[in-house]
Amino acid sequence: TTTQLKAATVTVADPLTSRPSVSLSAAGGGVADATTTKPSPVYEKSSEGLLRKQPIFKVLLHNDNHNRREYVVNVLVSSIEGLSKDEATECMREAHDTGVSMVVACPMEEAEKYCEKLRLNGLCSTIEPGC
């Protein structure tokens, strides 16, 4: 069966710090609320005082034959802010199956921090520009 939606509302209070929230009302009267999991873009001030987006970098997890899968998932969850166990499991599986997986995309400073945390815990990780 298909449920028709009555309304959808997206609200953004502050583009520098807020995450949009979505509220959906189903035809049967039920309400489904969801908040996006992607953080809003991070901005930096230019020399002219203007705000501009910081470049985004990808944190990559590379497969290795040394760490157990459970360990990799636990390190990902503890090292990457906001990463759920299910998302970490999917990253681990993708890296295992294809050789590499993108864990998160974020500004360079954060990407370097996350990559270092993964490496300090014995995982093979790199960063690269772009998204």
(message) I need the S78 OG to K117 NZ distance, nearest 0.5 Å.
(response) 8.0 Å
(message) Nearest 0.5 Å, please: how far is SG in C115 from CD in E128?
(response) 11.0 Å
(message) Measuring from atom CZ of R69 to atom CG of N74, what distance do you get when rounded to the nearest 0.5 angstrom?
(response) 14.5 Å
(message) To check you understand the geometry: which heavy-atom pair defines the closest contact between A95 and S101, and what is its length?
(response) N-CB, 3.7 Å
(message) Could you tell me if the side chain of V100 sits less than 4.5 Å from the side chain of N63, heavy atoms only?
(response) no
(message) Which heavy atom of S79 sits nearest to which heavy atom of N121, and what is that distance?
(response) OG-ND2, 3.9 Å
(request) May I ask you to test the C124-L61 pair for a side-chain heavy-atom distance under 4.5 Å? (result) no
(request) Spell out, as yes or no, whether a donor-acceptor pair under 3.5 Å connects the side chain of D64 to the backbone of N67. (result) yes
(request) Rounded to the nearest 0.5 Å, what's the gap from CD on E112 to CZ on F57? Could you check? (result) 7.5 Å
(message) Please determine whether residues I80 and M108 belong to a single hydrophobic cluster, defined as Ile, Leu, Val, Met, Phe, Trp and Tyr linked transitively by side-chain heavy-atom distances below 4.5 Å.
(response) yes
(request) Could you tell me the separation between the CG atom of N65 and the NE2 atom of H96, rounded to the nearest 0.5 Å? (result) 8.5 Å
(message) I'd like to know if L118 and L120 are part of one continuous hydrophobic network [Ile/Leu/Val/Met/Phe/Trp/Tyr, side-chain heavy atoms within less than 4.5 Å].
(response) no
(request) Could you go through the side chain to side chain contact (heavy atoms under 4.5 Å, CB included) check for C106 and I56 one step at a time? (result) CA-CA 5 Å; C106 54; I56 299 298; 5.7 Å; no
(message) Using side-chain heavy atoms (C-beta onward) and a distance below 4.5 Å, is L83 in contact with V104?
(response) no
(request) State, with a plain yes or no, whether a side-chain heavy atom of L60 is found less than 4.5 Å away from one of I127. (result) no
(message) Within this structure, what is the OG-CD distance for the pair S84 and E90, rounded to the nearest 0.5 Å?
(response) 10.5 Å
(message) Counting C-beta onward and ignoring hydrogens, is there a side-chain heavy-atom pair between E81 and Y114 closer than 4.5 Å?
(response) yes
(message) Using side-chain heavy atoms (C-beta onward) and a distance below 4.5 Å, is V73 in contact with L76?
(response) no
(message) Between H62 and S125, do the side chains contain a donor N or O and an acceptor N or O under 3.5 Å apart?
(response) no
